Amino acid sequence: MPTDAKPAIEAARRILAAVRAIPRGEVAGYGEVARRAGLPGRARMVARLLSHNEDPRLPWHRVLRSDGRIAFPEDSPGYIEQCARLRSEGVRVEGGRVRGKRAAATLDEQVWG
DNA sequence: CGCCTGACCACGT
DNA sequence: CACGTGGCCAGGC
């Protein structure tokens, strides 16, 4: 078997790499991460991966919805945690929304420079 | 194979 | 900016 992983596995690998590539203090949308991983239209796959992820080194908190909002309900522990982590990196969060960093998925490349 | 669910997205109002 | 609507994709049963 010539060292080739299953498509799904390879996709997951690339998505995680894209998430890890988000610089500290910066944020990105699920759809944006998917595109960056070469998987346009797979935003939900990114979300699914993060929801099952257990690697503490993965900067999952830098991934937001396309409108810059945190993807958890306001009262959930995930929301609290993400909010705290972002603020600790100097990211401004107001009303469950990140201000000033422009994480919208429609802004191709803008966040990634 | 159909049906339902989810850390989603784009678009119109 | 808030909401509702339809679309998309991967999994679980």
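The structure presented is a predicted model; accordingly, all values stated were derived computationally and were not measured. In the text below, chain A, chain B and the rest are named by the order of the sequence lines, each starting its count at 1.
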Colleague: Report the distance from atom CZ of A/Arg35 to atom P of B/dC9, rounded to the nearest whole Å.
Modeller: 9 Å
Colleague: Check the pair A/Arg92, A/Glu94 against salt bridge (charged side-chain N to carboxylate O under 4.0 Å, His left out), reporting the backbone distance first and the verdict last.
Modeller: CA-CA 7 Å; A/Arg92 202 173 112 192; A/Glu94 283 176 30; 2.7 Å; yes
Colleague: Return the residues of residues 41-56 of chain A meeting this criterion: a heavy atom under 4.0 Å from some atom of DNA chain C. Order them by number, or give none.
Modeller: A/Gly41, A/Arg42, A/Arg44, A/Arg48
Colleague: Taking atom P in both B/dA7 and C/dG7, what distance in whole Å separates the two?
Modeller: 22 Å
Colleague: Whole angstrom is fine here: how far is it from CZ in A/Arg36 over to C1' in B/dC9?
Modeller: 20 Å
Colleague: Kindly say if A/Arg97 contacts the phosphate of C/dA2, meaning a side-chain N or O under 4.0 Å from OP1 or OP2.
Modeller: yes
Colleague: Does the side chain of A/Arg62 come within less than 4.5 Å of A/Val91's, by heavy atoms?
Modeller: no
Colleague: Between A/Ser76 and B/dA7, is there a contact of a side-chain N or O with OP1 or OP2 at under 4.0 Å?
Modeller: no
Colleague: Does a side-chain N-to-carboxylate-O contact under 4.0 Å join A/Arg87 and A/Glu89?
Modeller: no
Colleague: In whole angstrom, what separates A/Ile80's CD1 from B/dA7's C1'?
Modeller: 15 Å
Colleague: Distance-only check: which donor-acceptor pairs under 3.5 Å involve side-chain atoms of residues 71-81 of chain A, not counting sequence neighbours?
Modeller:
{"unit_1": "A/Ser76", "atom_1": "OG", "unit_2": "A/Pro73", "atom_2": "O", "d": "2.8"}
{"unit_1": "A/Ser76", "atom_1": "OG", "unit_2": "A/Tyr79", "atom_2": "N", "d": "3.2"}
{"unit_1": "A/Tyr79", "atom_1": "OH", "unit_2": "A/Gly96", "atom_2": "N", "d": "3.3"}
{"unit_1": "A/Glu81", "atom_1": "OE2", "unit_2": "A/Arg85", "atom_2": "NE", "d": "2.7"}
{"unit_1": "A/Glu81", "atom_1": "OE2", "unit_2": "A/Arg85", "atom_2": "NH2", "d": "3.4"}

Colleague: Taking only side-chain nitrogens and oxygens of A/Arg65, does any of them come within less than 4.0 Å of OP1 or OP2 of B/dA10?
Modeller: no
Colleague: Using atom OH of A/Tyr30 as one end and atom P of B/dA7 as the other, report the distance to the nearest whole Å.
Modeller: 9 Å
Colleague: Using the salt bridge (charged side-chain N to carboxylate O under 4.0 Å, His left out) rule, take A/Glu32 and A/Arg35 through it: C-alpha gap first, then chi angles, then the decisive distance, then the call.
Modeller: CA-CA 5 Å; A/Glu32 199 174 347; A/Arg35 280 198 300 276; 5.4 Å; no
Colleague: For the pair made of CZ in A/Phe72 and P in B/dG6, what is the distance, rounded to whole Å?
Modeller: 13 Å
Colleague: With heavy-atom distances below 4.5 Å as the criterion, would you say the side chains of A/Val27 and A/Ile22 are in contact?
Modeller: no
Colleague: Which whole-number value in Å describes the distance from A/Glu94 CD to C/dC1 P?
Modeller: 11 Å
Colleague: Can you tell if the side chain of A/Leu16 reaches within under 4.5 Å of the side chain of A/Asp55, non-hydrogen atoms only?
Modeller: no
Colleague: Measure CG/A/Asp67 against P/B/dA7 and give the value in whole Å, please.
Modeller: 16 Å
